[in-house]
Amino acid sequence: MTGKAFAELVGVTQRQIPRWEKRAESLELSLPNQTALDTVFAQADRAVQERFAALLTERAAIEHDARAEELLRRDVRTSRHSVDGKVMTLVDEGIYLCGAEGRSVWLDSFLIDIYPTTNEDYARFVHATGQRAPQHWPGGRCPTNLANHPVVWVNWRDATAYAHWAGKALPTARQWEKAARGPKGRTYPWGTEPTAAKCNVAETGIDATTPVARYQSGVSPYGAFDMCGNVWEWCSTEEETGGGRYELKGSAFTSPFERAAPSLHNAAHATMLDNDTGFRCVTPS
C-alpha cells in the first residue's frame with residue numbers, strides 16, 4: 001500500500017513513515033504507535049503472520065534476540081471470526097471487579113470484537129440477508145467515507161439479527177464491562193485518569209462518529225477499542241424493570257465525558273435507534 005494509506009491505517013501522519021524507515025531497526029516506538037502496529041498485524045492474513053513469525057524465528061536463533069523470543073512465547077489472544085471476519089480478543093475466565101462499588105463477579109471466558117461493528121461489516125450482513133439498511137446510508141448503500149466508522153441507526157433487534165447471522169451474540173452488560181475495565185476494574189479502559197482526549201466524547205468537539213481504530217491510547221486491558229465514547233453499544237441484558245428495555249454501554253460522541261465510565265448504567269427500549277448507537281458481538285471461547 002502507499003505510505004499515505006499505511007499512515008492512515010496505523011493512525012500517524014504521513015511524514016512519520018519515512019522517519020521510521022530511515023531509523024530502521026534502531027527505532028523505538030511509543031506505546032500507542034506500537035499498539036497500533038500490533039493491531040494491524042493481528043488483522044493481517046495468515047500468510048503475513050506466518051512470514052513475520054519466520055523472520056522472528058530466524059532472528060531469535062541467530063542473534064539470541066530477547067524481544068523476538070518473548071514475542072514467540074506470547075499467547076495469541078486474537079482470532080478472526082469465520083463468518084463476519086472481525087478480529088476478536090479473548091477475555092479470560094475469572095473474577096473481575098464489577099460496578100462502581102467493585103463487587104467481585106465471576107465470568108466464564110469469551111471472545112469479544114476488538115472494534116464495534118462498522119458500516120462496512122453491516123453492509124455484508126445487509127447484502128447477505130436483505131436486512132433494512134440504516135437510514136443514513138444514501139440509496140441504501142454503505143457510504144465509502146464511513147466504511148470504518150461504527151454503524152449507527154440500528155435498534156436492539158437489528159443488532160441481535162446481525163449477531164444471529166454471524167453466529168455470535170450481543171454481550172451481556174457484565175461481559176461488556178469486563179472487556180472494557182479488565183479484571184481489576186479500571187475506572188476507564190486505559191486506567192484511572194479521566195482523560196477525555198483518549199475517546200470520542202462531546203468534549204472533543206468532533207460531533208460525529210470517528211474510525212473505530214482512531215483512539216489507540218484508549219484501548220482496554222484486553223485490546224478492545226472504543227469502549228468509551230464514539231457510540232453507545234447495545235447489550236443483551238434486559239433492564240430489571242422489564243418493558244423491553246435493554247442496557248447500553250460505553251457512551252458516545254454526543255455524551256459528556258462524565259458518562260463515559262464503563263461501570264455506569266444506561267438503557268433504552270429495543271425499538272430505539274439513533275445516530276449515536278451501535279453494537280459489537282461476543283462468542284464463547
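Not measured: the values here are computed from a predicted model.
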Is the NE2 atom of H269 crowded by more than 12 outside heavy atoms at less than 6.0 Å?
yes

Would you indicate whether E101, at its atom CD, is surrounded by more than 12 heavy atoms from other residues, nucleotides or ligands within a distance under 6.0 Å?
yes

Is there a side-chain contact (heavy atoms from CB on, under 4.5 Å) between V154 and L273 once you walk through the steps?
CA-CA 5 Å; V154 288; L273 68 170; 5.9 Å; no

Is the centre of the Y162 ring less than 6.0 Å from the centre of the F279 ring?
yes

When you measure from the side chain of [X] to the backbone of [Y], do you find a donor-acceptor pair of N or O atoms at a distance under 3.5 Å?
X    : Y    : value
E177 : G99  : yes
K86  : P116 : yes
Q175 : T172 : yes
K168 : I112 : no

Would you sort out whether R132 and D158 count as a side-chain contact (heavy atoms from CB on, under 4.5 Å), showing the intermediate values?
CA-CA 9 Å; R132 171 185 58 86; D158 295 328; 2.7 Å; yes

Hey, does [Y] have a side-chain heavy atom less than 4.5 Å from the side chain of [X]?
X    : Y    : result
D226 : Y115 : no
F253 : T210 : no
L107 : R174 : yes
T192 : R186 : no
W176 : C235 : yes
S251 : V201 : yes
N200 : I206 : yes
W234 : T160 : no

Shortest non-hydrogen separation from [X] to [Y] and the atoms involved:
X    : Y    : result
H149 : V212 : C-CG1, 4.2 Å
R280 : T117 : CA-OG1, 3.9 Å
Q216 : V10  : NE2-O, 3.4 Å
P134 : V152 : CB-O, 3.5 Å
S220 : A180 : CB-O, 3.4 Å
C228 : C199 : O-CB, 3.2 Å

Are [X] and [Y] linked by a side-chain donor-acceptor pair shorter than 3.5 Å?
X    : Y    : answer
N230 : T209 : no
E239 : H265 : yes
D121 : T118 : yes
N266 : E247 : no
W153 : N155 : no
D113 : H81  : no

Side-chain heavy atoms under 4.5 angstrom apart, residues restricted to Ile, Leu, Val, Met, Phe, Trp, Tyr: same cluster for [X] and [Y]?
X    : Y    : result
Y122 : W165 : yes
V12  : V219 : no
L170 : F125 : yes
I114 : V48  : no
L27  : I17  : yes

Give the C-alpha distance, both sets of side-chain angles, the deciding distance and a yes or no for side-chain contact (heavy atoms from CB on, under 4.5 Å) between L111 and V282.
CA-CA 5 Å; L111 294 162; V282 296; over 6 Å; no

Rounded distance [0.5 Å steps], [atom1] in [X] versus [atom2] in [Y]:
X    : Y    : atom1 : atom2 : answer
T129 : H164 : OG1   : NE2   : 13.0 Å
M272 : L248 : CE    : CG    : 5.0 Å
Q14  : F6   : CD    : CZ    : 12.0 Å
R214 : F225 : CZ    : CZ    : 13.0 Å
Y222 : R181 : OH    : CZ    : 12.0 Å
T277 : W156 : OG1   : CH2   : 15.0 Å

Set out, in order, the CA-CA distance, both residues' side-chain angles and the distance that settles side-chain contact (heavy atoms from CB on, under 4.5 Å) for R157 and T271, then state yes or no.
CA-CA 7 Å; R157 292 166 183 163; T271 57; 3.3 Å; yes

Intermediate values then yes/no, salt bridge (charged side-chain N to carboxylate O under 4.0 Å, His left out), E233 and K249
CA-CA 5 Å; E233 297 184 17; K249 285 289 191 180; over 6 Å; no

How are the rings of Y188 and W190 set to each other: parallel, tilted or perpendicular (split at 30° and 60°)?
parallel

D276 vs T254, test: side-chain hydrogen bond (donor to acceptor under 3.5 Å, both in side chains). Steps then yes/no.
CA-CA 7 Å; D276 64 355; T254 55; 2.5 Å; yes

